[in-house]
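Proteins get letters first, then strands, A, B, ... in listed order; numbering begins at 1 in each.
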Amino acid sequence: MADLRSNFVGIKSPNPFWLASAPPTDKEYNVRRAYEAGWGGVVWKTLGAEGPPVVNVNGPRYGVVYGADRRVLGLNNIELITDRPLEVNLREIKQVKRDWPDRALVISLMVPCDEDSWKSILKAIEDTGADGVELNFGCPHGMSERGMGSAVGQVPEYIEMVTRWVKQYSRMPCIVKLTPNIADIRKPAEAAKRGGADAVSLINTINSITSVDLDLFAPQPTIDGKGAHGGYCGPAVKPIALNMVAEIARSAETRGLPISGIGGVTTWRDAAEFMALGAGNVQVCTAAMTYGFKVVQEMISGLGQYLDEKEIALSDLIGRAVPNVTDWQYLNLNYTTKAQIDQDLCIKCGRCYAACEDTSHQAIAMLPGRVFEVKDDECVACNLCVDVCPVEDCITMRELPLGETDPRTGRRVDGFGNWTTHPNNPMAKAAE
Amino acid sequence: MTNSPQTPGLAAARLPAETIIAGFANYDPAMQPHEAAVAADRCYFCFDAPCVAACPTDIDIPLFIRQIATGTPEAAAVTILSSNILGGMCARVCPTETLCEGSCVRETAEGKPVEIGRLQRYATDVAMQSPQPFARDTATGKRVAVVGAGPSGLAAAHRLAMRGHDVTIFEARPKPGGLNEYGIAAYKATGQFALREIDWLLGIGGITLECDTALGRDVSLETLRRDFDAVFLGVGLGGVNDAGLGAPNGVLRDAVDFIAELRQTADLSALPVGRDVVVIGGGMTAVDAAVQSRLLGAENVTIVYRRGQDRMSASGHEQDHATASGVRIRTNAAPVALHRNGSGAEIEFAYTEDGPSGLQHLAETFRLPADQVLSAIGQRLSVMPDGLIVAGGKIAVTGPGRSALPGVWAGGDCTDEGEDLTVSAVAQGRDAAEDIHAWLMGKDHG
């Protein structure tokens with residue numbers, strides 16, 4: 001099987017699957033179980049400054065968004081950083097790393113935004129043998145109200161400043177974890193790079209209220225009748241995370257900055273998608289919290305099989321899709337497709353018809369006997385019928401070859417042409 | 001001395017009481033909420049859904065399933081019941097595999113339809129924990145007689161009461177329900193479901209029930225037409241066809257009587273059944289009689305049908321249920337004689353051939369031992385008041401159940417439109433009620 005060994009900013013692990021800094025990595029017991037199950041690395045749950053640890057709520061910490069059959073699609077949490085004493089965590093980290101030298105162990109850190117606090121925590125973790133640090137600039141609740149977490153991550157200047165301190169006072173690789181609760185993800189990534197970060201990891205959780213208790217009229221999870229926004233994660237956030245990873249991967253300012261991809265990775269396929277968009281490895285939390293640590297075994301076998309089938313190395317996968325991420329204005333407006341329905345596969349549910357007739361372009365005809373047919377002269381190729389069809393490959397998009405007439409527009413399919421040169425674009429420049 | 005399946009002749013308590021109770025209780029158990037949520041989620045919410053088209057009562061199935069999926073089974077029940085007030089019973093007895101589920105697109109796709117019947121039962125079971133949800137319109141002062149408290153009569157009565165009319169139901173038997181109470185297999189409607197459903201249904205008010213009052217015996221159509229503004233006949237088929245084996249005796253019996261007695265027996269351990277039971281017929285009654293004989297402890301139960309298996313009116317699902325219950329199905333054999341020999345008997349069948357010129361008895365015959373022969377070869381009208389037109393042995397109707405007599409409607413199995421399905425009877429009762437209502441409230445009618 002393909003070689004899955006990973007070297008991320010000098011941190012080696014037997015595979016690119018790490019557990020993210022989160023409840024599953026809060027203590028030795030869990031981390032040992034994770035390594036036993038096969039995880040390539042863990043980012044230890046965020047340590048705070050020395051002194052009395054933070055306290056967590058004693059009511060529910062998680063809210064959930066379910067799909068069919070109570071499948072966990074999204075998870076929201078209001079847990080804080082580790083609520084165990086610093087010295088206990090340090091002792092455990094040291095012991096675990098000694099026992100599992102081939103696995104990556106990165107320590108997540110979050111201390112007040114002053115130089116002494118960072119200098120002192122870095123000194124404290126120096127002799128644990130950990131492979132690197134991850135700066136938690138992302139946590140959106142609790143800590144941010146104390147000037148930490150996303151309160152730092154939302155101010156690029158602070159990111160740069162703290163990263164600089166970390167690089168100054170530590171020899172360890174430094175990964176800056178970014179919050180998605182910001183308008184333009186490239187700005188904090190650029191700041192991290194300026195500060196000397198070895199990598200960024202993203203996304204941290206998204207501000208969210210997952211649901212409202214309609215009897216109590218309070219957000220869930222509900223603590224004594226009240227609820228606070230928490231951090232949203234799980235499969236539901238993956239599309240947001242993918243976009244942010246891609247933005248950093250393709251931006252001129254941050255291109256080449258290593259990325260640890262986080263956000264809803266549940267299967268090998270999710271991981272491969274993150275890596276194709278430029279992530280050097282991935283971090284996982286919700287999938288492990290939903291199914292246990294064993295899920296990594298499917299990720300390992302699946303990614304290995306995929307690489308074998310593609311006959312590419314893991315390093316070839318990383319960033320492979322980045323050149324194909326572009327802006328809308330550069331899309332080929334002359335690329336023309338039409339939906340076509342395979343009548344043998346069609347089960348006659350009519351969902352394509354309802355979707356097209358009610359909400360789109362009236363491009364599907366319902367004929368006697370519940371036969372559904374695409375009207376090529378109306379179809380704009382929006383793809384909604386494909387999306388709502390319950391049968392895989394029943395509706396597909398056929399590409400019209402160059403020169404064929406599009407019955408909708410009456411025009412022949414032309415060669416490449418995008419918005420920048422389109423006659424309707426007032427800012428179009430004539431081709432020189 | 002304990003009886004067993006091998007005890008000769010007719011005998012009660014062939015199985016331990018708890019085995020009998022369990023056998024009659026364990027058919028198609030109710031869904032739990034999570035199971036219902038998962039099952040509901042499989043519905044594709046089809047456009048102009050084929051399942052609705054396949055339902056004789058036109059229940060908006062995708063809508064009620066979506067209402068279950070979103071945690072509002074009460075709303076789902078209103079969707080069901082506004083089309084079919086006996087949605088609870090239909091959920092139990094409908095041959096869904098030939099109706100809604102048979103046309104489900106997931107049946108096409110995977111051979112596994114959405115479990116519409118069980119979902120309907122889930123929603124209606126929830127609804128029946130509360131009073132029936134419909135209110136009566138302003139009283140019209142009109143009075144309608146409904147003859148027969150079976151599915152069509154009950155559906156008609158409820159809809160008429162809803163429209164503000166006062167209804168009197170005349171029922172020949174001591175209890176209401178018709179086939180729901182006397183005719184279907186006990187394991188399909190456990191816990192006195194039929195009677196509970198009627199109590200619940202009558203909660204709408206405006207319906208008076210007169211049992212032990214038979215048309216032609218205790219009351220005449222003429223009187224009803226005189227005393228009421230309109231009459232609905234839902235009398236069912238009170239007579240049975242003759243198998244040509246002589247009058248019922250210690251061995252030979254009509255399956256409908258056997259089932260009715262079973263349904264009215266509180267302690268099934270007290271009900272005798274043969275060691276060797278032969279059921280003649282190919283419909284649901286035959287299956288219900290055969291399966292229940294097995295559940296009572298009969299050792300050998302055989303359904304014998306005169307034509308090929310493809311002509312049996314019992315659905316494939318019903319036939320499978322019978323064979324899974326240990327019933328043997330033999331086809332292309334017609335009864336020719338019943339031979340008594342001491343305490344038992346043998347029934348003799350001729351092999352048959354179904355050809356272009358009809359069913360032919362072949363010369364070769366065979367015999368089956370039979371302590372009990374249950375005849376289930378169809379039912380027929382037992383009363384036919386003057387003035388009605390007969391078609392195919394049933395009351396001829398046009399449109400929504402209009403008979404040849406002005407002011408008289410009919411629906412359910414007694415009509416030539418009947419399909420011998422509870423759900424069709426409900427649809428006909430409901431539609432006749434709407435037609436009666438329009439007629440009563442029409443301009444040309446005082």
Side-chain angles (χ1 to χ4, degrees), chain A residues 64-74 210-216 220 235 290 339 341-375 384-396, chain B residues 31-55 58-76 96-116 118-119 122-123 126:
Chain A
V64 68
V65 170
Y66 284 126
D69 203 1
R70 286 174 74 87
R71 174 187 287 255
V72 174
L73 296 183
T210 42
S211 52
V212 175
D213 186 316
L214 288 176
D215 296 316
L216 295 175
Q220 291 174 313
T290 308
I341 300 172
D342 184 332
Q343 298 299 337
D344 292 334
L345 290 178
C346 177
I347 60 172
K348 305 189 188 299
C349 67
R351 278 166 67 156
C352 58
Y353 176 81
C356 194
E357 192 71 11
D358 285 354
T359 70
S360 296
H361 299 87
Q362 296 78 47
I364 293 179
M366 183 172 175
L367 306 175
R370 299 184 69 81
V371 173
F372 298 94
E373 269 180 16
V374 176
K375 297 185 253 182
L384 182 64
C385 55
V386 176
D387 297 332
V388 301
C389 177
V391 180
E392 210 173 345
D393 296 330
C394 175
I395 309 181
T396 49
Chain B
M31 278 182 169
Q32 297 304 306
H34 179 70
E35 187 183 8
V38 174
D41 194 75
R42 294 185 67 237
C43 175
Y44 286 144
F45 206 71
C46 293
F47 178 81
D48 193 15
C51 54
V52 180
C55 174
D58 320 296
I59 293 171
D60 190 339
I61 294 164
L63 179 60
F64 96 68
I65 291 180
R66 193 165 178 80
Q67 289 166 322
I68 291 175
T70 57
T72 53
E74 298 82 0
T96 52
E97 66 282 0
T98 60
L99 299 173
C100 52
E101 291 178 17
S103 63
C104 176
V105 299
R106 294 200 83 142
E107 170 68 24
T108 315
E110 306 152 44
K112 281 185 191 157
V114 174
E115 291 182 90
I116 299 168
R118 293 185 71 213
L119 285 165
Y122 173 75
V126 169

About how many Å separate [atom2] of [Y] and [atom1] of [X], when rounded to the nearest 0.5 Å?
X: A:Leu384; Y: A:Cys352; atom1: CG; atom2: SG; value: 9.5 Å
X: B:Ile116; Y: B:Phe64; atom1: CD1; atom2: CZ; value: 7.0 Å
X: A:Cys346; Y: A:Ile341; atom1: SG; atom2: CD1; value: 6.5 Å

So which atom in A:Ile347 and which in B:Ala109 form the shortest heavy-atom distance, rounded to 0.1 Å?
CG2-CB, 3.4 Å

Could I get the full list of side chain to side chain contact (heavy atoms under 4.5 Å, CB included) partners for A:Cys389, not counting sequence neighbours?
A:Val391, A:Cys394, A:Ile395

Name the region of B:Val105, side chain, backbone, both or neither, that has any atom closer than 4.5 Å to a heavy atom of chain A.
both

State, yes or no, whether a side-chain contact exists between A:Thr210 and A:Val64 at a heavy-atom distance under 4.5 Å.
no

Looking only at N and O atoms, which donor-acceptor pairs between chain A and chain B are within less than 3.5 angstrom?
residue  : atom : partner : partner atom : Å
A:Asp69  : OD1  : B:His34 : NE2          : 2.8
A:Cys349 : O    : B:Phe47 : N            : 2.9
A:Arg351 : NH1  : B:Tyr44 : O            : 3.4
A:Arg370 : NH1  : B:Phe47 : O            : 3.3
A:Arg370 : NH1  : B:Asp48 : O            : 2.5
A:Arg370 : NH2  : B:Phe47 : O            : 2.7

